4 protein chains.
Amino acid sequence: MPEPTRVRRTQAQRRRDAERTLLAAAAEAIAERGVSGASFAVIGERAGTSRALPTHHFGSKDALVARVASTAQDAVQSAMADAVRATSAFRHISGLDLIRTVADTYLELFEHPTAELRALLVMWGATFPSNASIEGMLEAERRAYEGWARNIRDGQADGSIRSDINPDPMAVVLHGMLRGVAAVVLTESEHTDVSSVRHAVQHWISGALEMTPPTGS
Amino acid sequence: MPEPTRVRRTQAQRRRDAERTLLAAAAEAIAERGVSGASFAVIGERAGTSRALPTHHFGSKDALVARVASTAQDAVQSAMADAVRATSAFRHISGLDLIRTVADTYLELFEHPTAELRALLVMWGATFPSNASIEGMLEAERRAYEGWARNIRDGQADGSIRSDINPDPMAVVLHGMLRGVAAVVLTESEHTDVSSVRHAVQHWISGALEMTPPTGS
Amino acid sequence: MPEPTRVRRTQAQRRRDAERTLLAAAAEAIAERGVSGASFAVIGERAGTSRALPTHHFGSKDALVARVASTAQDAVQSAMADAVRATSAFRHISGLDLIRTVADTYLELFEHPTAELRALLVMWGATFPSNASIEGMLEAERRAYEGWARNIRDGQADGSIRSDINPDPMAVVLHGMLRGVAAVVLTESEHTDVSSVRHAVQHWISGALEMTPPTGS
Amino acid sequence: MPEPTRVRRTQAQRRRDAERTLLAAAAEAIAERGVSGASFAVIGERAGTSRALPTHHFGSKDALVARVASTAQDAVQSAMADAVRATSAFRHISGLDLIRTVADTYLELFEHPTAELRALLVMWGATFPSNASIEGMLEAERRAYEGWARNIRDGQADGSIRSDINPDPMAVVLHGMLRGVAAVVLTESEHTDVSSVRHAVQHWISGALEMTPPTGS
DNA sequence: TATGAATGAGGTTTCATTCAT
DNA sequence: AATGAATGAAACCTCATTCAT
């Protein structure tokens with residue numbers, strides 16, 4: 001008669017499971033109540049564990065928040081990387097198309113936002129105070145719009161993007177637009193239609209960046 | 001026997017002065033430490049008064065925060081209204097120009113942001129959690145992008161804005177872009193040049209909305 | 001019909017009363033359970049107030065403990081100063097007699113030790129760990145045995161104390177003896193008779209310090 | 001089929017080794033941070049083992065502390081017994097000389113105090129609160145000064161100690177002095193010279209106890 | 001009007017201990 | 001034998017708010 005193998009889990013498995021559960025609970029709590037409102041009591045209860053477990057696993061609240069942030073950032077990054085890979089698999093895509101694809105993929109995530117994604121935006125909002133600091137958050141933002149600037153330069157090089165625009169401020173606008181639109185969509189989810197907003201964003205990007213076809217002649 | 005008139009006014013005026021001082025201190029505290037971090041202790045100390053005075057004047061923290069929000073919103077609104085009035089004083093301006101003027105005026109404020117203005121953006125960020133609520137904040141946001149939608153329709157009516165665009169989602173994008181760009185500029189003030197960002201935003205608006213001149217012949 | 005004046009107390013009085021009550025409660029708690037065991041919960045309950053009041057009045061536990069220490073030190077100092085004043089009121093006393101009086105007065109306090117006094121000794125014991133630190137404690141100890149050294153030198157100058165002894169180490173021994181004897185008396189109050197211990201200490205002091213009368217001749 | 005004998009001893013010996021390591025780590029932690037500050041986390045880390053090992057070996061914190069105490073007491077006792085044995089090996093020593101030897105040996109230990117020794121004194125200090133209790137500590141103290149009383153009586157019997165002194169309170173003073181002096185030396189190690197303090201203590205003991213030689217004649 | 005004393009709720013974190021592995 | 005996951009209790013402290021002055 002075999003022993004019940006169901007119950008047996010290795011320590012490592014238990015740790016991984018617990019951390020996953022806690023991170024999910026933390027993301028939900030942050031999405032719902034903000035970073036400061038996501039207390040260990042709330043997180044622990046939501047995870048179905050004790051209030052002390054988060055500290056046990058992550059050491060401190062700051063560390064837990066940072067982990068939620070990096071986990072969510074990774075998820076977003078990989079979603080966008082997948083989209084790029086899928087789009088560029090069979091044909092070469094221009095710099096402009098890359099930007100459009102990535103931007104659209106980002107906003108697409110907000111059609112059915114996960115708690116993780118919403119938490120990420122909430123954490124972005126929590127970095128606005130001048131004293132505030134969520135570890136890894138500012139750095140990730142900077143990486144993001146530096147990436148946009150790079151993409152713009154690539155598009156200028158391959159002729160898909162107008163050469164008379166300044167990449168750096170344009171990247172800031174592009175990045176800010178995506179974050180801001182996401183925030184509005186999230187807070188006003190009942191009054192906004194995400195897919196038409198996505199369409200409008202594509203329109204903006206084309207209007208602003210697209211190399212105008214040689215008129216006349 | 002006449003009472004000393006000097007003292008007479010004091011009663012009402014002192015109240016107004018005290019409230020102004022408190023509101024200013026609260027705005028600074030919020031801009032620096034966020035809504036939840038702006039405790040009465042911090043505010044009271046910064047205002048040079050007791051810790052109990054904010055409660056005394058505003059009743060509760062929520063009420064104080066709401067007052068800071070509405071005060072700041074009024075300031076922003078009147079700055080934009082002034083700009084529109086100045087621009088349209090001598091000549092009629094198109095719907096598109098109105099949008100460009102208002103947008104540019106908004107971003108211009110962030111070249112030298114007051115504590116009030118930064119607090120307003122911080123409070124915007126604090127509305128991202130789904131449970132969060134700052135009284136008057138969401139309503140003001142909605143008014144704002146409904147205003148943009150109206151402006152777009154006006155521009156379409158007077159022929160300055162392309163007629164093939166959908167005003168409502170476009171308003172969301174416009175509004176989100178301004179908020180998001182402002183946030184990025186604020187958090188990355190050392191790495192971004194506001195005036196070139198303003199320029200880029202003007203470029204985006206034109207590219208997206210402007211009625212294209214009849215090409216060819 | 002006069003109003004009940006009993007209830008009316010000024011803010012300052014209330015504060016003074018509250019602080020006194022809290023200090024007394026803290027001294028009792030420390031005497032009973034040690035510095036680390038004297039939690040705010042215990043102190044608050046013993047003082048008949050809330051658990052948060054100690055923080056409100058003293059800012060932190062360390063500050064409260066330091067206040068208990070300095071208050072107790074003052075009490076002990078003034079008791080000893082009183083004794084010296086009483087003894088030297090009508091006649092000049094020698095350096096040796098001064099030492100004997102002060103030492104005996106110190107031990108006399110332990111015949112009916114107040115909570116404050118016991119707390120002071122407990123706090124002395126809490127300074128033994130190398131990392132431990134109670135603000136003002138070490139300094140007071142140093143002042144104490146430097147005072148003894150000064151007294152010994154005075155006695156040597158006036159001929160009441162043998163000139164062949166080294167004041168500084170002797171002061172350490174004298175000070176250590178008093179503290180150590182007090183500690184033993186306190187912890188073993190049921191098995192020791194304080195007055196005979198006092199007598200023995202007087203004997204030791206005389207034997208060690210007294211200028212021996214010229215023998216022989 | 002013989003089992004590998006190399007491994008055989010390991011089982012019991014490893015346990016002893018582990019306990020020794022833990023006791024040493026606990027002594028260091030107590031010496032540094034006091035009894036209450038010596039948490040299992042600190043001890044485990046210092047011992048290079050898990051945080052749960054102390055509980056596993058000793059059952060509870062109280063038991064561990066008691067073991068540290070008794071181990072240290074044994075070490076001190078055997079150091080003093082060695083000294084007595086060495087001194088009395090070749091000649092009979094008087095009661096007074098015995099006392100002087102033991103006292104001096106005790107203080108000599110504080111010239112280069114081990115963590116164990118410092119922990120012992122820290123634990124003595126931790127017994128001052130009236131509710132405090134470290135198992136075995138009070139009993140050992142009592143044994144110690146009862147031993148002194150016995151020694152004094154022996155000295156009186158052999159004529160080396162004055163017969164007009166009361167052994168019991170004198171033993172309390174002697175014991176308290178040694179503990180107190182040790183504590184002062186430990187906490188003020190930078191400002192005190194142990195060897196001159198030892199000298200002073202010898203002076204005190206002689207002055208207080210020594211049978212005065214028949215003056216005159 | 002304004003202050004500050006007072007409090008209860010709740011925050012993060014530390015800790016000794018238990019239990020499964 | 002040893003580990004570390006897990007927990008409940010309790011620590012200090014902060015905070016918004018109430019109340020007497």
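Letters A, B, ... are given to chains in the order of the sequence lines, protein chains preceding strands, and every chain is numbered from 1. Computed from heavy atoms alone, side chains included, the values below leave out hydrogens, waters and symmetry copies. Since the structure is predicted, the reported quantities are computational estimates derived from the model, not experimental observations.
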Give one of base, sugar-phosphate or nothing for [X], where a contact means two heavy atoms less than 4.0 Å apart.
X: A/Phe40; result: base
X: D/Ser39; result: sugar-phosphate
X: A/Ser36; result: nothing
X: C/Thr49; result: sugar-phosphate

[X] has an atom [atom1]; how far is it from atom [atom2] of [N], in whole Å?
X: C/Leu53; N: E/dT7; atom1: CG; atom2: C1'; result: 8 Å
X: D/His57; N: F/dA1; atom1: NE2; atom2: P; result: 8 Å
X: C/Arg51; N: F/dA10; atom1: CZ; atom2: P; result: 11 Å
X: B/Glu45; N: F/dC15; atom1: CD; atom2: C1'; result: 15 Å
X: C/Glu19; N: E/dA6; atom1: CD; atom2: C1'; result: 13 Å
X: A/Ile43; N: E/dG11; atom1: CD1; atom2: P; result: 10 Å
X: A/Arg14; N: E/dA20; atom1: CZ; atom2: P; result: 8 Å
X: B/Phe58; N: F/dA16; atom1: CZ; atom2: C1'; result: 15 Å

Heavy-atom closest pair, residues D/Ala25 and D/Arg46: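 For D/Ala25 versus D/Arg46, the nearest heavy atoms are O-CD, 3.7 Å.
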
Closest-nucleotide 5' rank along DNA chain E - winner of D/Ser60 and A/Val42: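 With A/Val42 and D/Ser60 compared, the 5'-side residue is A/Val42.
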
Given DNA chain E, 5'-ward residue of the pair C/Gln11 and A/Val35, judged by closest heavy atom: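 Whichever sits nearer the 5' end wins; that is C/Gln11.
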
Check: C/Lys61 side chain, C/Pro54 main-chain N or O, donor-acceptor pair, under 3.5 Å: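 No; judged by distance alone, with no hydrogens or angles, the pair does not exist.
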
Per A/Lys61 side chain, nearest of listed nucleotides F/dC13, E/dT13, F/dA5: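 Closest nucleotide among those given: E/dT13.
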
Shortest side-chain distance from A/Ala52, nucleotide among F/dC13, E/dT14, F/dA20: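 Of all the options, the side chain of A/Ala52 is nearest to E/dT14.
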
Heavy-atom side-chain contact between C/Phe40 and C/Leu64 under 4.5 Å: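 With C-beta onward as the side chain, the pair touches.
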
Aromatic plane relationship, B/Phe128 with A/Phe128 - under 30° parallel, 30 to 60° tilted, over 60° perpendicular: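 A/Phe128 and B/Phe128: perpendicular rings.
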
Position toward the 5' end of DNA chain F (nearest nucleotide), C/Thr55 or C/Gly37: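 By nearest-heavy-atom nucleotide position, the 5'-most residue is C/Gly37.
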
Whichever of B/Asp62 and A/Ser50 has its nearest DNA chain F nucleotide further upstream toward 5':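 Checking each residue's closest nucleotide, the 5'-ward one belongs to A/Ser50.
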
Using a strict 4.0 Å threshold on nitrogen-to-oxygen distance, state whether [X] and [Y] make a salt bridge.
X: A/Arg14; Y: A/Asp17; result: no
X: B/Arg51; Y: B/Glu45; result: no
X: C/Arg67; Y: C/Glu19; result: yes

Phosphate-side-chain proximity, A/Arg15 and F/dA5, N/O vs OP1/OP2 below 4.0 Å: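 Looking at the OP1 and OP2 atoms of F/dA5, one of them is under 4.0 Å from a side-chain N or O of A/Arg15.
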
Distance below 4.0 Å between A/His56 side-chain N/O and F/dA5 OP1 or OP2: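 Affirmative; the distance criterion is met.
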
Between the first and last five pairs of the helix from E/dA2-F/dT21 to E/dT21-F/dA2, the angle of the axes, rounded to 10 degrees: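 Taking the rotation axis at each end, their angle is 0°.
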
Between CG on residue A/Asp62 and CD on residue A/Glu135, distance to nearest 0.5 Å: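 Between A/Asp62 CG and A/Glu135 CD, I get 8.0 Å after rounding to 0.5 Å.
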
